[in-house]
**Q** 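Once you've had a glance at the structure underneath, I'll fire off some questions.
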Amino acid sequence: MNEVEPNLIAAYENSVVTVYLASGDFKTSPTMKTISLPKQLAPCAWVITAHNPRSRVQSPEVNTKRQGRLHELLQGMPRVAIYPALGSSESGDWSEASFAVSGIGFDEIRNVARLFEQNAVYKLDKNGCSVVLV
């Protein structure tokens with residue numbers, strides 16, 4: 001794991017995560033103390049993006065291509081359910097397309113995150129939404 005700057009960790013912890021489900025949008029944040037996790041995401045889901053590796057800003061075209069490769073990789077994994085998601089700042093002035101993924105464990109999502117040079121993923125479970133450095 002690379003060293004992640006404290007200001008980046010603070011930004012991750014103050015983000016809003018929205019998962020787009022057929023039953024309606026599910027919105028959460030690490031700042032929320034409790035959440036009611038939708039059954040599609042239970043008992044645990046991970047939110048991951050391929051945008052901006054190691055928090056280095058890329059062009060929209062590069063991010064879109066990276067996100068497409070991530071989606072292809074996730075689709076090829078057995079037992080995995082994938083839902084479109086969005087990670088954004090509380091103010092809404094920054095956002096990254098993401099995927100909420102259920103049906104896999106931490107080792108698998110960590111490997112995917114490392115492949116796409118991400119610093120962290122979000123974990124959604126009965127304990128809430130948390131930032132997990134990878």
Side-chain angles (χ1 to χ4, degrees):
M1 175 174 62
N2 290 341
E3 188 69 27
V4 181
E5 296 176 23
N7 65 321
L8 287 175
I9 294 172
Y12 302 154
E13 290 175 345
N14 288 293
S15 294
V16 175
V17 175
T18 305
V19 182
Y20 302 101
L21 303 168
S23 57
D25 299 352
F26 171 70
K27 193 173 280 197
T28 188
S29 172
T31 60
M32 296 174 74
K33 299 299 179 204
T34 60
I35 62 173
S36 180
L37 196 63
K39 65 181 178 180
Q40 302 96 313
L41 304 176
C44 175
W46 305 95
V47 178
I48 185 170
T49 186
H51 283 222
N52 303 322
R54 300 280 174 239
S55 292
R56 294 182 313 266
V57 177
Q58 304 293 305
S59 71
E61 296 80 18
V62 168
N63 282 330
T64 297
K65 287 179 185 176
R66 290 176 56 82
Q67 197 71 3
R69 288 194 302 270
L70 172 59
H71 190 248
E72 288 175 11
L73 176 70
L74 294 171
Q75 283 183 310
M77 299 175 81
R79 310 173 327 274
V80 172
I82 307 164
Y83 304 94
L86 185 74
S88 60
S89 61
E90 288 181 330
S91 65
D93 62 347
W94 159 88
S95 65
E96 292 182 357
S98 303
F99 297 109
V101 183
S102 62
I104 63 174
F106 176 67
D107 289 341
E108 292 169 294
I109 200 69
R110 178 185 58 207
N111 290 340
V112 173
R114 287 179 175 173
L115 179 66
F116 284 89
E117 301 178 86
Q118 297 302 301
N119 292 324
V121 295
Y122 292 94
K123 181 179 183 182
L124 310 178
D125 65 13
K126 66 181 181 180
N127 297 314
C129 174
S130 57
V131 176
V132 180
L133 299 178
V134 294

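Worth knowing before you read on, the calculation uses all heavy atoms, side chains too, and leaves out hydrogens, waters and symmetry mates.
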**Q** What's the spacing between E96 CD and S88 OG if we round to 0.5 Å?
**A**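 If we round to the nearest 0.5 Å, E96:CD and S88:OG are 10.0 Å apart.
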
**Q** To the nearest 0.5 Å, what is the distance between CG on N52 and CD on E117?
**A**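 Answer rounded to 0.5 Å: 11.5 Å.
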
**Q** Of all the heavy-atom pairs spanning V131 and P30, show the shortest one and how long it is.
**A**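 The answer is CG2-CG, 4.0 Å.
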
**Q** Take S36 and F26 through the test side chain to side chain contact (heavy atoms under 4.5 Å, CB included) and record every step on the way to the result.
**A** CA-CA 9 Å; S36 180; F26 171 70; 5.9 Å; no

**Q** The test is side chain to side chain donor-acceptor pair (under 3.5 Å); show your working for T31 and E13 and say whether it passes.
**A** CA-CA 7 Å; T31 60; E13 290 175 345; over 6 Å; no

**Q** Check V134 against A113 and note the closest heavy-atom contact, atom names and distance.
**A**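 Closest heavy-atom pair between V134 and A113: CG2-CB, 3.7 Å.
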
**Q** Taking all heavy atoms of A120 and all of L133, pick out the closest pair and write down the distance.
**A**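 Heavy atoms only, the tightest pair is CB-CD2, 3.9 Å.
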
**Q** Holding to salt bridge (Lys or Arg N to Asp or Glu O under 4.0 Å), I want the full list of residues that pass it with E90, two or more places apart in sequence or in another chain.
**A**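 Salt bridge (Lys or Arg N to Asp or Glu O under 4.0 Å) list for E90, sorted by chain: empty.
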
**Q** Linking directly or through intermediates, with side-chain heavy atoms under 4.5 Å: list the remaining ILVMFWY members grouped with L86, chain and number order.
**A**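 L86 clusters with Y20.
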
**Q** Are V112 and V132 linked, directly or through other ILVMFWY residues, by side chains that come within less than 4.5 angstrom of each other?
**A**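 V112 clusters together with V132.
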
**Q** Rounded to the nearest 0.5 Å, how far does CG of L74 lie from CZ of R69?
**A**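 If we round to the nearest 0.5 Å, R69:CZ and L74:CG are 13.0 Å apart.
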
**Q** Do other residues, nucleotides or ligands put more than 12 heavy atoms under 6.0 Å from the CD atom of Q58?
**A**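 Atom CD in Q58 is packed in, count exceeds 12.
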
**Q** State the CD1-CG distance between I9 and N14, to the nearest 0.5 angstrom.
**A**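 Between I9 CD1 and N14 CG, I get 12.0 Å after rounding to 0.5 Å.
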
**Q** Could you go through S23 and Q40, starting from their C-alpha distance and side-chain angles, then the distance that decides it, and tell me whether this counts as side chain to side chain contact (heavy atoms under 4.5 Å, CB included)?
**A** CA-CA 10 Å; S23 57; Q40 302 96 313; 3.2 Å; yes

**Q** Let me confirm one number: the NE2-OG distance from H51 to S95, rounded to the nearest 0.5 Å.
**A**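 H51 atom NE2 to S95 atom OG measures 8.5 Å (nearest 0.5 Å).
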
**Q** Mind checking whether I82 and L115 sit in one hydrophobic cluster, side chains of I, L, V, M, F, W, Y counted as touching below 4.5 Å?
**A**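 Shared cluster, yes.
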
**Q** Have Y12 and S55 got a donor and an acceptor in their side chains that come within less than 3.5 Å?
**A**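 Per modelled atom types, Y12 and S55 side chains form a pair under 3.5 Å.
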
**Q** Between R54 (side chain only) and Q118 (backbone N and O only), is there a donor and an acceptor less than 3.5 Å apart?
**A**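 Pair found, side chain donor or acceptor close to backbone of Q118.
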
**Q** Linking I/L/V/M/F/W/Y whenever any side-chain heavy atoms sit under 4.5 Å apart, do W94 and I48 land together?
**A**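 In one cluster with W94: I48, no.
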
**Q** Would you call D25 and K27 a salt bridge, using N to O less than 4.0 angstrom?
**A**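 So D25 does not pair with K27 through a salt bridge.
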
**Q** Do you reckon V62 sits in the same ILVMFWY cluster as L70, going by side-chain contacts under 4.5 Å, direct or chained?
**A**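 No, it is not one cluster - the side chains of V62 and L70 are not joined through contacts under 4.5 Å.
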
**Q** Might you point out which heavy atoms bring T28 and M32 nearest each other, and give the distance in Å?
**A**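 Smallest heavy-atom distance, with atoms named: CA-SD, 3.5 Å.
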
**Q** What is the distance from atom CD of E108 to atom CZ of R79, rounded to the nearest 0.5 Å?
**A**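 So the gap between those two atoms works out to 5.0 Å.
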
**Q** Centroid-to-centroid, F99 to W46, below 6.0 Å?
**A**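 Between F99 and W46, the centre distance exceeds or equals 6.0 Å.
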
**Q** Do V19 and L124 touch side chain to side chain, with heavy atoms closer than 4.5 Å?
**A**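 Touching, per the 4.5 Å side-chain cut-off.
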
**Q** Say whether V17 and L8 are linked into one hydrophobic cluster, either directly or through other cluster members, by side-chain heavy-atom distances under 4.5 angstrom.
**A**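 The answer is yes; both residues are in one hydrophobic cluster.
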
**Q** Do you know the tightest heavy-atom contact between P43 and L37?
**A**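 P43 and L37 have their closest heavy atoms at O-CD2, 3.8 Å.
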
**Q** Does E61 pair with R66 as a salt bridge, N-O distance under 4.0 Å?
**A**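 Salt bridge absent between E61 and R66.
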
**Q** Could you check whether any side-chain heavy atom of Y122 comes within less than 4.5 Å of a side-chain heavy atom of S15, counting everything from C-beta outward?
**A**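 With C-beta onward as the side chain, the pair touches.
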
**Q** Do you know which two heavy atoms are closest between L41 and A100, and how far apart they sit?
**A**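 Nearest heavy atoms, L41 then A100: CD2-CB, 4.3 Å.
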
**Q** Could you work out, with side-chain contact (heavy atoms from CB on, under 4.5 Å) as the rule, every residue matching S98, not counting sequence neighbours?
**A**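 With neighbours one apart ignored, the set is V47, T49, A85.
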
